[in-house]
Amino acid sequence: AVIAKIEALQSEIAELAKRLRYEVSVRAKQVGWSEKNARFHYRKNLRRIVSELYVRDNCHPFKASLLIWVQIPMWVFLSLALRNMSVGLTDSARVSLSEFAAGGVLWFPDLTVPDSTWIMPISVGLINLIIVEIFSLRKTEITKFQKYATNFIRGISLLMIPIAASVPSSMALYWLTSSCVGLGHNLLLRSPRFRQLCRIPPTQADSQTPYRDIASAFIGKYFK
């Protein structure tokens, strides 16, 4: 809901920025500001205006990232706990070691050894890449920082493949499950019916056929 409110504000911010640019240019001519000084006042006042809009609509971007700062430590701690249980680093972990050794299914019957088929590691990397690409295919404009962050996450997604292939299958299975949940979460939030049910504010980027739009944008970007 916070991200939806931020997206809904973009048109208002663009209009206010356009008006502010005109007012600053007029003021610069009146008092003889240099171009550098005028740019400074423009950016200073724009930051103030945007901050006031975030306060007005109760949608500061930090709130959107707050969940991530909770999820990342939890992901790390659970991964380390699974590693300890898979290799028996502690006395309590050795009790569950035999259960992990016989607790797998299909092509990974032993959860204490890496997935030699690379099916789970490759799946982890691909699903994370799909999540990143779904974000990058959004119609809204993204900043340079977001572009750099997107490319960085692409690199991390690819790096996760050899890492997942070198850790116990229990960790790779957890990472794959977590990635699938993340993908499902992203796709579910694109559904107009679900957004309406959760009373998520509509934005200009909303579509009545989101999944068809994602597929056509993906094909247009990578296969044409």
Side-chain angles (χ1 to χ4, degrees), residues 1-3 61-138 145-191 194 198 210-211 214-215 217-219 221-223:
V2 174
I3 296 177
F62 178 75
K63 291 184 177 181
S65 63
L66 187 61
L67 184 60
I68 297 176
W69 297 111
V70 175
Q71 288 177 327
I72 290 177
M74 185 180 298
W75 184 87
V76 172
F77 292 146
L78 284 173
S79 297
L80 293 176
L82 286 170
R83 184 203 61 181
N84 294 341
M85 296 174 71
S86 298
V87 300
L89 289 181
T90 62
D91 293 336
S92 58
R94 292 191 189 99
V95 177
S96 60
L97 185 59
S98 59
E99 297 179 0
F100 271 63
V105 293
L106 301 175
W107 69 90
F108 52 99
D110 188 350
L111 293 174
T112 64
V113 297
D115 181 8
S116 59
T117 66
W118 283 60
I119 293 177
M120 284 195 291
I122 293 176
S123 298
V124 169
L126 287 178
I127 292 176
N128 285 331
L129 281 174
I130 290 173
I131 294 173
V132 175
E133 296 311 312
I134 288 177
F135 174 80
S136 67
L137 291 173
R138 296 167 69 184
F145 173 78
Q146 288 175 324
K147 290 181 180 178
Y148 293 142
T150 300
N151 290 329
F152 175 76
I153 298 174
R154 285 191 181 109
I156 294 295
S157 299
L158 293 174
L159 186 62
M160 284 296 293
I161 296 177
I163 293 176
S166 63
V167 299
S169 295
S170 59
M171 293 178 65
L173 179 60
Y174 167 61
W175 293 350
L176 177 59
T177 304
S178 178
S179 297
C180 288
V181 171
L183 177 60
H185 178 263
N186 275 274
L187 292 176
L188 186 61
L189 286 176
R190 297 297 181 102
S191 170
F194 181 79
C198 295
Y211 307 122
I214 291 173
F218 188 84
I219 293 173
K221 183 176 182 179
Y222 297 104
F223 298 98

Checklist outcome for this item: Rounded to the nearest 0.5 angstrom, the CZ-CD1 distance for Arg154 and Ile156 is 13.5 Å
Checklist entry - Can you list the steps and then say if Arg190 with Ile134 is a side chain to side chain contact (heavy atoms under 4.5 Å, CB included)? => result CA-CA 10 Å; Arg190 297 297 181 102; Ile134 288 177; 3.4 Å; yes
Using a 3.5 Å cut-off and no angle test, enumerate the donor-acceptor pairs between side-chain atoms of residues 119-131 and protein atoms at least two apart in sequence or in another chain.
residue, atom, partner, partner atom, Å
Ser123, OG, Ile119, O, 2.7
Asn128, OD1, Ser179, OG, 3.0
Asn128, ND2, Val124, O, 3.1

Checklist entry - To the nearest 0.5 Å, how far apart are CG in Asp115 and CG in Asp110? => result 11.0 Å
Checklist outcome for this item: Residues at least two apart in sequence or cross-chain that pass side chain to side chain contact (heavy atoms under 4.5 Å, CB included) with Ser116, listed by chain then number, are none
Item to check | Pairs satisfying side-chain hydrogen bond (donor to acceptor under 3.5 Å, both in side chains), at least one member in residues 156-169, at least two apart | outcome: none
Checklist entry - In Å and rounded to the nearest 0.5 Å, what is the CE to CG distance from Met85 to Leu111? => result 10.5 Å
Item to check | Heavy-atom closest contact (Pro162 atom, Leu158 atom, distance) | outcome: CD-O, 3.3 Å
Checklist entry - Going from CH2 on Trp75 to CG on Leu80, what distance comes out if it is rounded to the nearest 0.5 angstrom? => result 9.0 Å
Checklist entry - Does the side chain of Ile163 come within less than 4.5 Å of Trp175's, by heavy atoms? => result yes
Next on the checklist: When you measure from the side chain of Thr177 to the backbone of Leu173, do you find a donor-acceptor pair of N or O atoms at a distance under 3.5 Å?
Outcome noted: yes
Checklist outcome for this item: So CG of Leu176 and CE of Met160: to nearest 0.5 Å the spacing works out to 10.5 Å
Item to check | Minimum heavy-atom distance Ala172-Ala164, with the two atoms named | outcome: CB-O, 3.9 Å
Item to check | Between CG on residue Leu82 and CZ on residue Phe77, distance to nearest 0.5 Å | outcome: 14.0 Å
